[in-house]
Q: 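Sharing a structure below in structure tokens format, with a few things to ask.
Atom set for the values below is all heavy atoms of this structure, side chains included, hydrogens, waters and symmetry mates excluded.
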Amino acid sequence: MNVMATVYNVSTKFVKHLENTDLYEMRVSVGSNEYRTVLFAIDHDNVIEAKNIILLNGFLKKDNKDYRKQIIIAETILNNLEL
């Protein structure tokens, strides 16, 4: 008898919900560089269970003051899409 299970779990090291938004952040580290991509799950409130995801804005994270600007850019892109 084989037992299989599906576990919906991704470490916040890789994907994190952005507070006070419907957006998520995908994180990739390459050497000392931190790359971020802001994404939106189209068909589910939880990005882990979503089957359709839009990558809205990718950027190299340099410091926290530029971070909010990148989220605003992603929100603007999302608002201009016809979903």
Q: Mind checking whether R27 and K16 have side chains closer than 4.5 Å, heavy atoms only?
A: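 In short, these two side chains touch, coming nearer than 4.5 Å.
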
Q: Roughly how far apart are D45 CG and H17 NE2, rounded to 0.5 Å?
A: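 Separation between the atoms: 9.0 Å.
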
Q: Tell me, do F14 and V28 make a side-chain contact under 4.5 Å, heavy atoms counted?
A: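 Result no, sub-4.5 Å side-chain heavy-atom pair not found.
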
Q: Using the rule given for side-chain contact (heavy atoms from CB on, under 4.5 Å), can you reason through L81 versus F40, listing the C-alpha separation, both sets of side-chain angles and the distance that settles it, and then say yes or no?
A: CA-CA 12 Å; L81 294 175; F40 176 73; over 6 Å; no

Q: For the atom pair CG (N20) and CD1 (I71), what is the distance rounded to the nearest 0.5 Å?
A: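 So the CG of N20 and the CD1 of I71 are separated by 10.0 Å.
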
Q: Apply the test side-chain contact (heavy atoms from CB on, under 4.5 Å) to residues L55 and M26: give CA-CA distance (whole Å), side-chain angles for both, the deciding distance (0.1 Å), then the verdict.
A: CA-CA 9 Å; L55 305 179; M26 182 172 53; 4.2 Å; yes

Q: Do the side chain of N57 and the main chain of Q70 share a donor and acceptor less than 3.5 angstrom apart?
A: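 Between the backbone of Q70 and the side chain of N57 there is a qualifying donor-acceptor contact (under 3.5 Å).
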
Q: In Å, rounded to the nearest 0.5 Å, how long is the span from CG of D43 to CD of E49?
A: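 Reported value, rounded in 0.5 Å steps: 10.0 Å.
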
Q: How close do A74 and L56 get, counting heavy atoms only, and between which atoms?
A: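 Here A74 and L56 meet closest at O-CD1, 3.7 Å.
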
Q: Just how far is it from atom OG of S29 to atom NZ of K61, taken to the nearest 0.5 Å?
A: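 Result: 10.0 Å between the selected atoms.
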
Q: Work out which heavy atom in Y24 is nearest to a heavy atom in N46; give both atom names and the distance.
A: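 Y24 and N46 have their closest heavy atoms at OH-CA, 3.6 Å.
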
Q: Counting C-beta onward and ignoring hydrogens, is there a side-chain heavy-atom pair between E75 and L78 closer than 4.5 Å?
A: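 When only atoms from C-beta onward are counted, L78 and E75 do not touch, as no gap falls below 4.5 Å.
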
Q: Against L39, only a single residue in L18, L23, I53 fulfils side-chain contact (heavy atoms from CB on, under 4.5 Å); can you say which?
A: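 Result: among L18, L23, I53, I53 is the only option passing the side-chain contact (heavy atoms from CB on, under 4.5 Å) with L39.
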
Q: When you measure from the side chain of N52 to the backbone of I42, do you find a donor-acceptor pair of N or O atoms at a distance under 3.5 Å?
A: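 Between the backbone of I42 and the side chain of N52 there is no qualifying donor-acceptor contact (under 3.5 Å).
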
